[in-house]
Amino acid sequence: MASERLQKVMAEAGVASRRKSETLITAGNVTVNGKQIKTLGTKVDNDDHIEVNGIPLQREKLVYLLFYKPRGVISSVKDEKKRKTVMSYFPDVQQRIYPVGRLDYDTSGILLMTNDGQLANKLTHPKYKFEKTYVAKVEGIPTNDQMEKLRHGVRIDKKVTAPAKTKVISTDLNKKTAVVEITIHEGRNHQVKKMFDKISHPVIKLKREKYGFLTLDGLQSGEWRSLKLNEVTRLLKR
Ligand code: URA
């Protein structure tokens, strides 16, 4: 089961800074499920009971939000260039949520927001092979051979991509563009754009339509909803 370092969990719960939390641990002030823990780096799970100086740690209620990110928004908590971030869509959410993974500034689509670090780690860890489906409008009309290349894997940043599922949805012979669906389970930087660059059909527009079994159904750009309990359970079960 995925887990997080005790000092990180303490810092996130607002006990003290991470450094100070480390001192509290080594000084013997912290117990996990009734047992004193003095070793730094000890991992704890969401359901572990932590006490600091005998006081139970109040962990934030875990929240899981499914957001339809618009184009022109940064998917991080802060931006040094002061551009609009995804956080501006959640002014009333009290918990310290953050995006699970990233979507480019000019990419729209499904983005999970949570304060559950364990789930976020799991969903972004390559070993879980979590599938994401994108719809890309690309320059030119890819041939079957080129689509086959994407399916097999192309070399980007010195590493071949894992097999992908692809299909051409439509083509516009006048404008010389195509709309293509691609499903990948890796999450490398600008991966989809780089894959299409590699076959010489640069992406004009990109949208993430599916995140595993989750879709954007019922949401408009800029809207979000809480995940249902069964959806969270399904994600956690992976
Ligand atoms: N691939 C990209 O190139 N950009 C994204 O935003 C997501 C996947």
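In each ligand, atom 1 is the first atom listed, and ligand 1 is the first ligand listed.
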Taking only heavy atoms of [X], which atoms of ligand 1 are found under 4.0 Å from at least one of them?
X: L206; result: 1 (N), 2 (C), 3 (O), 4 (N), 5 (C)
X: D104; result: 2 (C), 3 (O), 4 (N), 5 (C), 6 (O)
X: H190; result: 1 (N), 2 (C), 3 (O)
X: Q191; result: 1 (N), 2 (C), 3 (O)
X: Y134; result: 7 (C), 8 (C)
X: T107; result: 4 (N), 5 (C), 6 (O)

TODO: Check V203 against ligand 1 and report side chain, backbone, both or neither, counting heavy atoms closer than 4.0 Å.
DONE: neither
Task: ligand 1 versus V192: contacting region, heavy-atom distance under 4.0 Å - done: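 The part of V192 near ligand 1 is both the backbone and the side chain.
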Carboxylate-amine/guanidinium proximity below 4.0 Å for [X] and [Y]:
X: E231; Y: R225; result: yes
X: R96; Y: E12; result: no
X: E181; Y: K165; result: no

Task: Plane angle bin for F130 and Y211 - parallel if under 30°, tilted between 30 and 60°, otherwise perpendicular - done: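 Correct class here is tilted.
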Task: K193, K137, K69 screened by salt bridge (charged side-chain N to carboxylate O under 4.0 Å, His left out) with D106, the one that passes - done: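 Per the salt bridge (charged side-chain N to carboxylate O under 4.0 Å, His left out) rule, the option paired with D106 is K193, out of K193, K137, K69.
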Task: From CZ (R5) to OG (S21), nearest 0.5 Å - done: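 Nearest 0.5 Å value for the CZ-OG distance: 13.0 Å.
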